[in-house]
Amino acid sequence: MALNNIIIQGLLSSLIVFFLTKFNKKVGGFFTIIFSGYLFFSLLSYQNSAGEIFDLVKFGEFDISFITSNYAWFFSMILSLTYFLVSFFNPYWMKKLINPAAYNLLFMLSMVGTLGVFYAKDFLTMFIFFEIVVWASLFIIPMGKSRKSPIIYYTISSIGSFSMLYAIFYLYNSFNTFDIETISSAVISNPNEYIFVFFLMIMAGLTKLGIFPFHTWLPAAHGSAPHTFSPVLSGGLVKVGGFIALIVTAVIPSFNIFSDHLQIMGVPFENYLIMVLGGISIVVGTLMAIKQDDAKKLIAYSTVSNSGYILIGIAMVDQVGFAGGLMHIFNHAMASGAMFLSFAGIAYRTGTTKMSELGGLIKRMPLSFAAYLIAIISLAGIPPMSGFASKWLIFQGLSSNGMMFLAFAAFLVVLVVLCMFSGLCLLHF
Amino acid sequence: MSQYLYIILMLVGIYGLLSQKNIIKMIISLNILELGLNLFIISTGYISGSNAPIIIFENDTNFVDPLPQAIVLTAIVIGFGVTAVALMLARNIYKKNGTLEIDEIRGEDND
Amino acid sequence: MKRIIAILLTVAVGIFIFTGLYGEDSDFKAFGEKNISDTVANSYVDKNVDADRESPESGSANVVTSIVVNYRSLDTLGEVTVLFVSALGVALLGGFLKEKVTFSVKPGFILKNGMKIISGIILITGIYIFIHGHLSPGGGFPGGAMIGSSFLLMYLSDEEFKTKITAFKIMEGTAGSLILIIGLAGLSIGGYFLYNFLPNGNVGDLISAGIVPILYVLVGLKVGSEISNLLGNFLNGEVE
Amino acid sequence: MINPILLVAIPLLAAFLSIMVKKLSGVFLFGVSLFTAIGSFFIENGSYVIGGWKPPFGINLVVDDYSFLILIIVNILFFLTLLNGMWDLKKNETVLLVTLAGVNGIVMTGDFFNLFVFMEIIAISAYILASSTEKYYSVFKYLILGTVGSSLYLFGIIILYGTAGTLNMADLASKLPEISNSVKVLAFTFIFSGLAVEAKILPFNSWVRGIFGNSNTLTGPMFSTVYATVSAAVVGRVFGQILTIDTNLIYAFITLTLMTFIFAESAAMASKNLRSILTFSSIGQAGLIITMFLLGGFYAALIQLVNNAFAKMVMFSIATKTYSSNEDDDIDNLAGIFRKHYMMGLGFTISALSLIGLPLFFGFYGKINILQTAFATNMWIPAFILIGSIIEGIYYIRLLVKLWNPGKEGDESSEEAGTSYTILNGFTVSIIALVVGAVFVVAGITPEFLVENIEKAANSLGDINTYLSSVMGGI
């Protein structure tokens, strides 16, 4: 199935599902499952195809086109898997929502939007689909508990996306193209101009990932979003930020562009600065998570700390750490998705996600508690789980470059997560 | 010469608008501004040593520039129309707020 | 405090104007030294704007009237609309007041009887002025203002005097529509809106200059009825 | 192929006739407005002369691609405004006919003084329309500022006449190089300040809050779309094409317009009721459009002009309709009103998102071009524009989230927690909202069909010599 037909079908299906849910709620819910499944399996075929170009539509004098690549395939796999698994919750959750038709429409739009971001050939297409993801997810959050959190979410993410827009047009003004390949080759020639663009572009990644200075929206938005959309928000949409960070640091070879700049422990100072931010957000995320009473806010803060891990992995230029970072993206997507979904189940039955009111749950809902337990262990990085593998790789990368401070910060956090986990268990017995 | 006077007249009108508090005084200073402007327009058309543009003898065409006079004719009547509407507004303001001092008129922006 | 800012601002604007206009490198024509040949008005005066028109192009002795009604006739149309809208506005705004205006000073004997004599004379001179608009100075607007002032005298002299307002409305409406109908006739006959399709005759006598006198009479009637209607609305305060 | 002068003459004739037959004036109004809306499609480009006198001596109406586009937009907007404001006509039919004539005249006129006369016609009829909401002091402030503005404008063109000896736009454009610099700076500043009052630029827009803020279903859409489009189009014509100004004067004007954009957006952030938010947003958008015209980015300016006009048409008609049915437009009391009026809510949301410039909507295409033009001049202007549009995005999203989701801050948004208000007789408004919403979405994805005649208009505004040859060489 050609990529652009998939995107077009996605956009049309979001309209279809809107009218379908208007007609009958259950049928709309099932349609989302079917379509996200179809999307997941049709994307499987793009595993090793790289460089195939599909153009969607001519937008004025620019054209919107896609290009397949293996890192884009990897990210789109994670995203469509998360959407597919989460959409199983949709049919049961329809009657609880105030506006199910709009929910399904925006759900599908954000799914298609993320695909557009990953497979974008030029920065303009990436920005268009990035903004579609932003405003699609924006109108779902107020269907949950709070009316203020979508505004904080939009403010911070628009600061990020508009600085990216500024950078894109700055590049367009100097290189007269939006295309990522030509820009990455053209930028090598004048590195110090690229510093300015690098920091502006990575801003979009940082705001979406919820890194330290921009993390305030994450607990507010994930905590108060409708229960079935929080897993998509924290599992999926945070990874879009990761993807942009990847584009800026790895696809456009930031290491050899900044190779002659000031080196701190063998890493250019720009990347090091990003890693320090990642480290801080790990510590901040975990410390804030401890004192949370609402479970969803607790998981949201753990997302902040884990996206800190991801950022360190991606920004690190060492081969091992980079692999660890990418793997952690997958682990975190699955783990936080599982945690949020288990709490969605709990909220479906009991109506509340406050841990203080959930004492002794293990007897009544053993299965969801088991899933929650496994997810916690994997996130904490305990040996048998995959979380351990990715964290260990990141530690290898960090320690091999001699960045002991960051390694220590990451290790400290593992201890804190352990005691968080023990606190949770006490509650449940 | 007299053109300086007309510009000063306009400046008096502008000063009046900026400083006056009473609505009627503001309308008067608006008229002073327009008076100064109209006189200035006429003065741009003046050519020393020529007379009014009415053709009495066929060949004598040593006239003043007639175009500013045509423009002033229109500008005066526009000033008249605006002042008529302004005075009617002032009357309605007085009827509604009981005062013509703009400080005492309580703010009515989308109350 | 507000006054000081106002003074400063006015002085600043004044200096800005004076240096701009009368500075050394400004070529704004000084008062009186301008010669007419380098302005557009030169061909208005010599009446040779359009070669293929027959000899006395605009035919009217008063060059200003030829500009106002013939060369730049859209300005006058706009002008008449401005007055029409402000008269209408005063009528609409007047609706807010609902009560009749009473004079604090009752009209005295001299005013009452003097009015009977003078207002007739003012009316006649007003009509004379806008009929001879294309010959003597003045024209539609000054003539109309005079008619208005004669009616003002009538209003001031006694309070019960109230002309039938609709009379002015109908005169105003017909005069305005006639102006436009003549304009559209010019469009159909000569191909241009407000085209002077009547013969010009020779400069100086009463029946000359094509549609110019007709238009100016209609303008005078319209302006006269509008101003008196306007004053009527000011005094009586209720909408017709 | 009708003669464009009919677009001015027919409404005037209808106005003069309608004061005699009061009962028929409503029929006159809708008939003539429909005539001009359809007639404006059938005008041919060219320079049409009044009274048969060649341009530098007589007055001419210029219809090139630019004024052709503006005419179509303005007449369609006028007809839509009449449809929305039917209930609030309040005996203003004749004044509206005169406004229609003035609006058509000011777009087409090729003479500076004629532009002043038409500007005055529009201004006076605006004072009368605005006073139908009986907020006389705000109308008085508008009148004072409007008259001062037009007097300064007249002073500017008289200075130019004093030096160049002509009032015709084309003639003056060709004579501009000979005029000395100090006179040019003086005249252009006064002309710009004269036009800035109606175009709502910073030092002269203190009247906008009072007039737009208290507008009813007729004056709200009328001022925010028809008047806004016309005033921006006039600035585009005068400062975009005819009076080419040197760079340091442009930068002076641009600081004014950009400050207008930023201050207006931040003021909108702070305001709490629906109409004043839209008021400040209109001022901000006007500042942005005028900046684009001054920078020479006509294509971006025109797209933003069209986008702003139709988006404001939908938003202001809904806002004033809610005010007229509930006498209160405070956002907190209106929370969740779109749950009751789904179609209106949809149209409002799409217009708001398109105004912010989010993808999948027409506004995004405008924003791309705005950034391209801004980057061509220098690095700071795009930064200001982006900051302004972030602020604009924030208060629009806050507005939309509150109007869609009833319910207090803490608890789930549920059905019955909504507002008690409803919007009465909003059928035409929801139809217009849906049509405009559909156009925005379709144009957002493939903007070709809407944009290529905007492109022709921008090009015709760009090159002055076709304008000169069509006017000077004209009949």
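Residue numbering restarts at 1 for every chain, and letters A, B, ... go by the order of the sequence lines. Values below: every heavy atom of this structure, side chains too, minus hydrogens, waters and symmetry copies. Note that this is a predicted model, so its numbers are computed, not measured.
Interface residue D:Phe155: only side-chain heavy atoms are found under 4.5 Å from chain C. When heavy atoms are compared at a cutoff of 4.5 Å, D:Ile5 approaches chain C solely by way of its side chain, counted from C-beta outward. For D:Ala123, no part lies near chain C; criterion is any non-hydrogen pair under 4.5 Å. Looking at C:Val90, there are no atoms closer than 4.5 Å to chain D (heavy atoms on both sides), in backbone or side chain. For chain C, the nearby part of D:Leu6 is the side chain; its heavy atoms alone come within less than 4.5 Å. Interface remark: C:Ile67 contributes no atoms to any contact with chain D (heavy atom separation under 4.5 Å). Looking at D:Phe190, only its side chain comes within 4.5 Å of chain C, counting heavy atoms on both sides. Only the side chain of D:Ile128 comes within contact range of chain C, judged by heavy atoms closer than 4.5 Å. Residue contact with chain D, scored on non-hydrogen atoms closer than 4.5 Å, involves the backbone and the side chain of C:Ile17 alike. When heavy atoms are compared at a cutoff of 4.5 Å, D:Asn168 does not approach chain C at all. Looking at C:Phe84, only its side chain comes within 4.5 Å of chain D, counting heavy atoms on both sides.
Highest contact tally toward chain C, considering only D:Val8, D:Val185, D:Leu129, D:Asp111, is held by D:Asp111 [criterion: heavy-atom pairs under 4.5 Å]. Comparing C:Glu172, C:Glu79, C:Arg72, C:Lys222 by heavy-atom pairs within less than 4.5 Å of chain D, the highest count is held by C:Arg72. Taking chain C as the reference chain and counting heavy-atom pairs below 4.5 Å, the highest number among D:Leu12, D:Leu160, D:Val98 is found for D:Leu12. Contact count versus chain C (heavy atoms, under 4.5 Å) is highest, among D:Thr166, D:Thr189, D:Asn114, D:Val117, for D:Asn114. If you tally non-hydrogen atom pairs under 4.5 Å between each of C:Leu194, C:Val80, C:Thr81 and chain D, the highest count goes to C:Thr81.
Here the closest heavy-atom approach between residue C:Asn62 and residue C:Pro137 is recorded as ND2-CA, 3.6 Å. Shortest non-hydrogen contact noted between D:Lys175 and D:Ala164 is CD-O, 3.5 Å.
Aromatic ring centres of C:Phe168 and C:Phe151 lie closer together than 6.0 Å.
Counting only heavy atoms from C-beta outward, the side chains of C:Leu180 and C:Phe193 approach each other to under 4.5 Å. Side chains of C:Ile181 and D:Phe16 form no contact here, defined as non-hydrogen atoms less than 4.5 Å apart. A heavy-atom distance below 4.5 Å is not found between the side chains of D:Trp53 and C:Tyr192. Within the 4.5 Å cutoff, side-chain heavy atoms of D:Asp246 are placed close to those of D:Asn181.
Between the CD1 atom in D:Ile43 and the CE atom in D:Met108 there is a gap of 6.0 Å [rounded to 0.5 Å]. Considering CG of D:Asn104 and CG of D:Leu61, their distance stands at 10.5 Å, rounded to 0.5 Å. Summarising the geometry, atom CG belonging to D:Leu468 is positioned 7.5 Å from atom CD1 belonging to D:Ile242; distances are rounded to the nearest 0.5 Å.
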